[in-house]
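Written out below as structure tokens is the structure these notes cover.
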Amino acid sequence: MDTSTHQPVQQSVAERLDPHTATTPLGDWVRELCDAPDGGNLLSMTINVIIIIIAICAFSSLTAMVLVWMERKLAGRFQRRLGPTRTGPFGLLQTAADGLKLFLKEGFRPNASDPFTYYLAPLLPLTGAFMVLAVIPFGPSMWIADPELGLIFISAIAGLGVLALLIGSWGSNNKYSLMGGLRAGAQAISYEVSLILCFLLIVLASGETNLLNIVEGQQGNFWNWWIIKLPGAGFIAFIFFIITSTAELNRTPFDTTEAESELTGGFHTEYSGIAFSMFFLAEYVHMFIAAAIGATLFLGGYNAPFEFLPDGWWWLMAKSYAIIFLYIWFRWTFPRLRIDQLMALEWKFLLPLSLINLVFAGILIAMGWIL
Amino acid sequence: MTTPDQHQDTPPQNRPQSRPQNMGAFTPEAQAEDTCTKPSFYAYFIKRPIVGAFSLLTGMGITLKTLCNVTSTVTQEYPENRDTLTMPPAFRGQVIMPHDEEGEHKCTACTLCEKACPNGTISVLPMKNIANKKVLGKYIYRFDQCTLCSLCVEACPFDAIRMGNDFEHATVDKDSLVMVLNEKEGRL
Ligand code: SF4
Ligand code: SF4
């Protein structure tokens with residue numbers, strides 16, 4: 001297949017940095033300090049890796065703080081309340097106060113639980129989140145790893161969060177936890193299929209699995225983004241991505257894993273204090289990651305909507321937060337699905353429709369009917 | 001009305017049916033004729049998703065309208081707006097006895113409220129006036145026992161008592177919660 005038919009014709013490619021080899025000023029500075037201006041030596045690499053780890057940790061906790069505040073504020077407004085107002089201006093320090101409270105709480109472990117799995121589970125979700133954050137291209141030179149199979153890497157790592165729920169629910173030896181964990185497992189297995197079909201559509205359209213190349217393939221104006229460039233199919237795939245990622249995130253209307261009215265908290269029933277806050281934090285970091293992946297694949301990643309605007313991380317942030325607003329909007333509008341309705345939605349509707357959509361997109365691409 | 005004891009010696013088939021025979025699709029026959037559990041292809045795969053999507057979008061529209069309409073907020077920031085605070089009309093603070101300009105209340109000491117109260121909160125102590133007529137002496141109201149159920153207000157045939165709007169009742173002295181609601185004893 002002649003891939004050049006659907007690759008955007010870019011006149012300004014020469015002026016742009018090659019994102020695969022671009023470096024950040026901070027990294028350059030460290031390398032120069034260590035007397036290794038090009039390539040880097042062991043010392044500069046160690047320092048750079050430490051900087052990266054600190055950056056990822058800081059970014060994750062900051063994102064979680066901002067998102068929790070945003071969710072509570074928006075939830076309040078959606079329900080004609082004000083949301084947090086007392087802690088700091090506009091309640092901005094609410095998450096910090098909550099975090100402090102959770103830190104000071106007793107970490108209580110039930111007697112009959114299995115200590116190893118019980119304490120292992122809270123560590124896993126954030127680990128997975130960090131690994132996915134490493135491959136997301138935030139800007140032309142703002143990425144940590146650039147694997148050739150980035151998208152496949154993401155779909156492989158995304159399952160780690162559910163593994164944590166399963167381990168934690170099994171380890172805490174509580175029937176409500178176990179039910180929640182099993183639901184999470186069933187839900188993840190089901191919705192992962194549709195999610196990966198959405199990924200596959202992008203892979204089919206752009207001929208790439210490298211995330212940087214996928215983003216670079218959507219340069220130019222906003223009609224070069226895959227959501228519009230694939231007429232119809234792109235938009236349908238985006239809607240399916242939003243639905244399946246909401247389910248993968250275990251957010252309302254798909255939050256059967258922690259359904260308060262049935263399972264008293266689901267998988268985290270037995271968790272308290274810092275262990276619970278790890279789950280809580282990871283949930284919001286995952287939300288950002290899902291939104292960032294959606295923005296990268298469908299909305300042009302860090303590309304500006306118009307050619308004359310400068311590209312950069314701020315566009316990825318704006319697009320991600322727009323998708324996050326959608327997630328929050330869903331959560332405070334829709335009632336929770338029953339577990340059988342959840343499965344019916346995936347296996348009877350989303351999966352067949354995703355397959356049909358994939359074939360449709362394949363026909364569009366093969367015929368060259370692309371904007 | 002039959003009580004469960006009366007069924008003891010009635011054979012099961014003759015017992016009165018308090019619930020319908022067909023409780024749902026639990027038997028094969030019921031399942032076969034129950035069309036609710038087996039919707040048609042059109043109803044399940046075509047009509048339901050379209051109707052459902054529209055109703056979801058309607059819901060999202062409603063929440064978005066609420067989000068954008070800042071004036072729809074019902075939260076009152078209490079300590080700050082203490083001077084302008086207005087309580088909703090149905091709010092039940094505590095039982096009060098309104099008095100008119102001459103300081104007269106409408107209570108006739110009929111003790112209906114005392115009898116209506118499930119907690120023994122009210123004690124109506126009547127007295128005789130000069131005309132040897134029964135009038136209200138002391139209307140004792142023990143706020144620490146009151147559940148604010150408003151049954152006394154509903155029982156009063158003369159509208160002599162009401163539920164007030166005041167809610168700042170915190171106190172360190174339990175005795176201060178026992179109050180006399182009428183301002184003066186007796187009337188002519
Ligand atoms: S409100 Fe209820 S509990 Fe209180 S005095 Fe009246 S009847 Fe008694
Ligand atoms: S308050 Fe009303 S019900 Fe109670 S004694 Fe007076 S008139 Fe009767």
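Quick caveat, the model's predicted, so the values are computed rather than measured. A, B, ... follow the sequence lines: proteins, then strands. Residue 1 opens every chain.
The local environment of CZ in B/F143 is crowded, with over 12 non-hydrogen atoms from other residues, nucleotides or ligands closer than 6.0 Å. Under a cut-off of 6.0 angstrom, the local environment of CZ in B/F54 is sparse, with at most 12 non-hydrogen atoms contributed by other residues, nucleotides or ligands. Atom CZ of B/F167 has more than 12 heavy atoms from other residues, nucleotides or ligands within 6.0 Å.
B/T63 pairs with exactly one of A/W332, A/F330, A/W329, A/F334 by the side-chain contact (heavy atoms from CB on, under 4.5 Å) rule, that one being A/W329.
Neither the backbone nor the side chain of B/I62 comes within contact range of chain A, judged by heavy atoms closer than 4.5 Å. Heavy atoms closer than 4.5 Å to chain B are found nowhere in A/L345, neither backbone nor side chain.
Nearest heavy atom pair, residue B/T75 against residue A/L82, reads OG1-N, 3.4 Å. The heavy-atom pair separating B/T66 from A/F78 by the smallest distance is CG2-O, 3.6 Å. Between B/T73 and A/R77, the shortest heavy-atom contact is OG1-NH1, 2.7 Å.
Classification of A/R86 and B/E80 as a salt-bridged pair holds, one side-chain N sitting under 4.0 Å from a carboxylate O.
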